[in-house]
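Input: a single structure, listed below in structure tokens.
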Amino acid sequence: YGTQKKATVTGAVETVSSKALENRAVTNVGLSLQGQTPGLVVTRSSPRPGNEGLAFTIRGATSVNGSDPLIIVDGVPVLNFYSFQNLNSDDIESISVLKDAAAAIYGSRASNGVILVTTKKGKGAVKVDYNGNLRFNTNGITGYSPSMSEYATVWLESNKEEVNPNYWVWSSKENLEKMASGYEGRYDLFDTDFYIYNANRLEEMFATRFSHQHNLSVSSSSDKSEYRMSFSYAENKGNLATAYDGQKQMNARFNYGYQLSERLKLESNISIINVATNEPSVGLDNTLYAFDMPFYPAKNPYGQWFATFNGIDGGAIRNAAAMTSDGGRNEKNSLTGRLDMKATYEIFKDLSIEGLASVQNERFNQERYVVPVPLYNWYGKQTGIGLNTSGTSNVYETYAWQGYYYYYSAMARYEKRFNELHNLSVVGGINAEKNTTQWLRGKRIGFEDLGVYDISLADLETQTNEGSKSENGRYSYLARANY
């Protein structure tokens, strides 16, 4: 709703320039903001591409119902957080974080602060820019799982303090002492050949992975017009080695401005974002760090998935390596489009009016299927089906979501400077918003992997569907005077 020199700003405003984003080798704009400005806290729940679970708070939490700031790009609120996070950071000129009274003009939605994003425009002679990066992601903290020897040693030391020692399924002190010594091979347990080997599930499942990003832009400006076109492609991979776990993203943007006459200027922004996330449908849960013991290799000597505890009972069905590799896939695709049109007319030197219209649309589609994963004992005999892959978990489901966001505003602006000492700025106007969403989900239980993936090939006996539609709008009146 206006610009101010830093010397005259009375509220708390922090600005992050494009320079601060250039050297951050990440595609997600939200991650680029981590540590860039005081008061803005960016947290995430996962390092996996497309599943970061980012959260933004400005000056801490303000409500038990959420503390999400209002995010505005080129003067228009974004359709959702993903529309902001999936922006191409190379397209961003600056990001301003408004706190306390500086955000008051945005009303109650600004109670948690405002993040303002301004995209780049064309400047000067024709300029063609390319930049790219290749990066590798290594495993981070991986020492939370003990080795076989460490595991057994803890049991032995703990039992020294017990009146009645408890050796759990390991039966005897002698077995735990063999494990503590590092013995690998057959143990006399459960009246069967019970095999224990040193195994590290983290090393079996995770490895260094490479990601890359490419940005290309063309820009120029003259007395009458300015433009900037940009294209980008990025592929980000997680560290999972047993299956593909990553995200591919394409961005395109065209910003154009034209001085139609001495008093009238027209501006337009068009952008498209396509994001595809592909990941395992099961296996990346607490099975990995809470149930996969450090002495069961992922596979037996026959190259089959090895059941934990040698598959001795119905509960010995956990093997995260097997689940992530063969348990099915979860594919998500998001296509976001946005069109902004703006006209500014200068009535006389210090007074101007402007009109702005914006339409944003996102189409999100998801297909997820889970197939049974057989697990075997050391001799190649099947003992069970992997956790969360059989019965009612053996599903094929599809989900489709669509949202539209319409924004219209009309503004009048008066700016005057007196005697090189006094600055007066008055803004008044109205805006209208409309938000519509619609979603539909279908699910069938019983799917066999025959190389063709479609819900129509799943069992008809148990199928469900659900869906919903919503629509809401808002009219706002605003005014601001600065001196």
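Computed from a predicted model, the values in this text were never measured in an experiment.
The pair R417-D350 fails the salt-bridge criterion, with no side-chain N (NZ, NE, NH1 or NH2) lying under 4.0 Å from an Asp/Glu carboxylate O. The pair R413-E346 does not count as a salt bridge, with every side-chain nitrogen at least 4.0 angstrom from each carboxylate oxygen. We find that D340 and K342 are not joined by a salt bridge, their nearest charged nitrogen and carboxylate oxygen being 4.0 Å or further apart. Residues K123 and D129 are not paired through a salt bridge, judged by the lack of any N-O separation under 4.0 Å between the basic side chain and the carboxylate.
For F136, the CZ atom is loosely surrounded, since the number of other residues' heavy atoms within 6.0 Å does not exceed 12. The environment of OH in Y475 is sparse: at most 12 heavy-atom neighbours from other residues, nucleotides or ligands sit within 6.0 Å. Applying the 6.0 Å contact sphere to OH of Y477 captures no more than 12 heavy atoms from other residues, nucleotides or ligands. Open room surrounds CD on E262; 12 or fewer heavy atoms of other groups in view lie less than 6.0 Å from it.
How far CZ of F56 is from OG1 of T43: 8.5 Å, rounded to the nearest 0.5 Å. The distance from atom CG of L70 to atom CG of N112, rounded to the nearest 0.5 Å, is 9.5 Å. Note that the CG atom of L134 and the CZ atom of F210 stand 6.5 Å from one another [nearest 0.5 Å]. Considering CD1 of I445 and CD of E397, their distance stands at 10.0 Å, rounded to 0.5 Å.
Here the options are F447, Y369, Y396, the test is side chain to side chain contact (heavy atoms under 4.5 Å, CB included), and the partner is I455; only Y396 passes. Among V78, L79, N80, the one residue that satisfies the side chain to side chain contact (heavy atoms under 4.5 Å, CB included) test with Y82 is N80.
For the pair N465 and K443, the minimum side-chain heavy-atom distance is 4.5 Å or more. Put simply, the side chain of S425 does not reach to within 4.5 Å of the side chain of N423, judged on heavy atoms. Between S358 and M341 the shortest side-chain heavy-atom distance does not fall below 4.5 Å. Looking at heavy atoms from C-beta onward, Q247 lies in side-chain contact with V275 at the 4.5 angstrom threshold. Side chains of Y405 and V359 form no contact here, defined as non-hydrogen atoms less than 4.5 Å apart. Contact check for I92 versus V117: side-chain heavy atoms found under the 4.5 Å cut-off. With a 4.5 Å cut-off on side-chain heavy atoms, E279 and N51 count as touching. The closest side-chain heavy-atom distance from N239 to M205 is not below 4.5 Å.
With E93 contributing its side chain and K121 its backbone, the two residues share no donor-acceptor pair below 3.5 Å. Of the possible polar contacts, one joining the T324 side chain to the A320 backbone as a donor-acceptor pair under 3.5 Å is found. Proximity of a side-chain donor or acceptor of R263 to a complementary backbone N or O of I347 within less than 3.5 Å is detected. For N319 (side chain) and A298 (main-chain N/O), a donor-acceptor pair under 3.5 Å exists by modelled atom type. A donor-acceptor distance shorter than 3.5 angstrom exists from the side chain of S221 to the backbone of G124, with no hydrogens or angles considered. Of the possible donor and acceptor atoms, one in the side chain of K120 sits under 3.5 Å from a partner among the backbone N and O of D90. With D459 contributing its side chain and R444 its backbone, the two residues share no donor-acceptor pair below 3.5 Å.
For T389 against V370, the heavy-atom pair with the smallest separation is CA-CG1, 3.6 Å. In terms of heavy atoms, P49 sits closest to T277 at O-CG2, 3.9 Å. Here the closest non-hydrogen pair linking S211 and K237 is OG-N, 2.9 Å. For the pair R228 and S230, the tightest heavy-atom approach, listed with the atom from each and the gap, is NH1-CB, 3.6 Å. Here the closest heavy-atom approach between residue N394 and residue V371 is recorded as ND2-CA, 3.8 Å. Across M323 and G386, no two heavy atoms sit closer than the pair CE-CA, 3.5 Å.
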**OP:** Take R329 and N278, measure what side-chain hydrogen bond (donor to acceptor under 3.5 Å, both in side chains) needs, and give me the verdict at the end.
**Re:** CA-CA 7 Å; R329 303 296 297 170; N278 200 322; 2.6 Å; yes
Original post:
Is there a side-chain contact (heavy atoms from CB on, under 4.5 Å) between K265 and E267 once you walk through the steps?
Top reply: CA-CA 7 Å; K265 182 177 182 180; E267 297 174 83; 4.0 Å; yes
**OP:** Would you please test I95 and V29 for side-chain contact (heavy atoms from CB on, under 4.5 Å) and show each step?
**Re:** CA-CA 10 Å; I95 297 177; V29 172; 4.2 Å; yes
Original post:
Given the rule in the side-chain contact (heavy atoms from CB on, under 4.5 Å) test, do V282 and V373 qualify, once you have shown the distances and angles that lead to the verdict?
Top reply: CA-CA 11 Å; V282 291; V373 179; over 6 Å; no
Subject >> Stepwise side-chain contact (heavy atoms from CB on, under 4.5 Å) check, L216 with M229 >> reply: CA-CA 8 Å; L216 176 66; M229 294 185 294; over 6 Å; no
Original post:
Going through the checks in order, is the side-chain hydrogen bond (donor to acceptor under 3.5 Å, both in side chains) test met by Q213 and S232?
Top reply: CA-CA 7 Å; Q213 182 176 0; S232 71; 5.7 Å; no
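The aromatic rings of Y233 and H212 sit tilted, their planes meeting at an angle between 30° and 60°. Using the six-membered ring where Trp is involved, Y130 and H214 have ring planes that are parallel, under 30° apart on the 30 and 60° scheme.
Geometrically, K299 engages W305 in a cation-pi contact, judged by NZ or CZ lying under 6.0 Å from the ring centre and within 45° of the ring axis.
Using modelled atom types, one finds no donor on one side chain facing an acceptor on the other under 3.5 Å when comparing N435 with E471. One side chain, N251 or Q249, offers a donor N or O that lies under 3.5 Å from an acceptor on the other. Between the side chains of D91 and T119, no donor-acceptor pair of N or O atoms lies under 3.5 Å. In this structure, a donor-acceptor pair under 3.5 Å is absent between the side chains of S17 and S94. Checked by atom type, the side-chain pair N215/N131 shows a donor-acceptor distance below 3.5 Å. Side-chain polar atoms of S45 and E52 form no donor-acceptor pair below 3.5 angstrom. Side-chain contact, T138 with T208: no donor N or O sits under 3.5 Å from an acceptor N or O.
Aromatic pair Y258/Y227: centroids not less than 6.0 angstrom apart.
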